Amino acid sequence: MDWGEDVLVNIGNHFDLASSIFVAPRKGIYSFSFHVVKVYNRQTIQVSLMQNGYPVISAFAGDQDVTREAASNGVLLLMEREDKVHLKLERGNLMGGWKYSTFSGFLVFPL
C-alpha cells in the first residue's frame, strides 16, 4: 500500500508510513475505521482490516454500473501492546491507488 505523503495525523508515530502498519503502543480498546473509494473500475473490490495477519472486518464495493463507489467499515478491537493493524486489498484493484481512501484509528480506553 502506498500512502505517499498523505498521512494527516500520526501522534506518537505508531503508524509506520513505510509498511502502512499501525503498532499498538499499549494494551487497550482501539477504534478503527476505513473508507475506500474505487474509481472507474468495473470489478469488485474487497478491503479487509487485518489484526496480526488475520482479517477482522471487510468492506466490499462491486456495482458494475457506476464509475465511483465507496465501501466503509469500522470496529472496536482489544489490542495488546505491539499488536499490528493494517488494511489489505483482498480482491480487485484500486485505480488511482489509495488517494481517495482514509484509514483512522485511536485508543478509546487503556487497559
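Computed from a predicted model, the values in this text were never measured in an experiment. Quick note: residue numbers are just sequence positions, from 1.
Minimum heavy-atom separation, Asn10 to Phe15: ND2-O, 2.8 Å. Counting all heavy atoms, side chain and backbone alike, Ser101 lies closest to Val37 at OG-N, 3.4 Å.
For Ala71, the side chain to side chain contact (heavy atoms under 4.5 Å, CB included) partners two or more places apart in sequence, or in a different chain, are Ala59, Ala61. Ser104 is linked by a side chain to side chain donor-acceptor pair (under 3.5 Å) to Ser33, counting only residues two or more places apart in sequence or in another chain. Tyr30 is linked by a ring-ring contact (aromatic ring centres under 6.0 Å, His included) to Phe22, counting only residues two or more places apart in sequence or in another chain. Residues satisfying the salt bridge (charged side-chain N to carboxylate O under 4.0 Å, His left out) test with Glu90, not counting sequence neighbours, are Lys88. The salt bridge (charged side-chain N to carboxylate O under 4.0 Å, His left out) test applied to Lys84 returns no partner, not counting sequence neighbours. In this structure His35 satisfies the side chain to side chain donor-acceptor pair (under 3.5 Å) test together with Ser72, sequence neighbours excluded. The side chain to side chain donor-acceptor pair (under 3.5 Å) check on Asn52 picks up Asp83, with sequence neighbours excluded.
Connectivity analysis of hydrophobic side chains (ILVMFWY, heavy atoms under 4.5 Å, direct or indirect) links Val23 to Ile21. Think of Phe106 as one node in a network of Ile, Leu, Val, Met, Phe, Trp and Tyr side chains linked at under 4.5 Å; its network also takes in Ile29, Leu76, Leu78, Val108, Phe109, Leu111.
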Checklist entry - Are Leu77 and Gln51 close enough, and set up right, to give a side-chain contact (heavy atoms from CB on, under 4.5 Å), and what steps lead you there? => result CA-CA 9 Å; Leu77 292 178; Gln51 181 180 14; 3.7 Å; yes

Checklist entry - Between Ile45 and Arg91, does a side-chain contact (heavy atoms from CB on, under 4.5 Å) hold up when you go through it step by step? => result CA-CA 5 Å; Ile45 62 165; Arg91 181 174 169 195; 5.9 Å; no

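Atom CG of Leu49 sits about 8.5 Å away from atom CG of Asn73, to the nearest 0.5 Å. To the nearest 0.5 Å, atoms OH (Tyr54) and OG (Ser48) are separated by 14.5 Å.
Inter-residue side-chain proximity for Phe103 and Ser20 is flagged as unmet; no heavy-atom pair is nearer than 4.5 Å. Residues Phe34 and Thr102 have side chains not in contact (no heavy-atom distance under 4.5 Å, counting atoms from C-beta outward). Side-chain contact check for Val85 versus Met50: every heavy-atom pair is 4.5 Å or farther apart.
The salt bridge (charged side-chain N to carboxylate O under 4.0 Å, His left out) contacts involving residues 17-34 comprise Lys27-Glu80, where partners must be two or more places apart or lie in separate chains.
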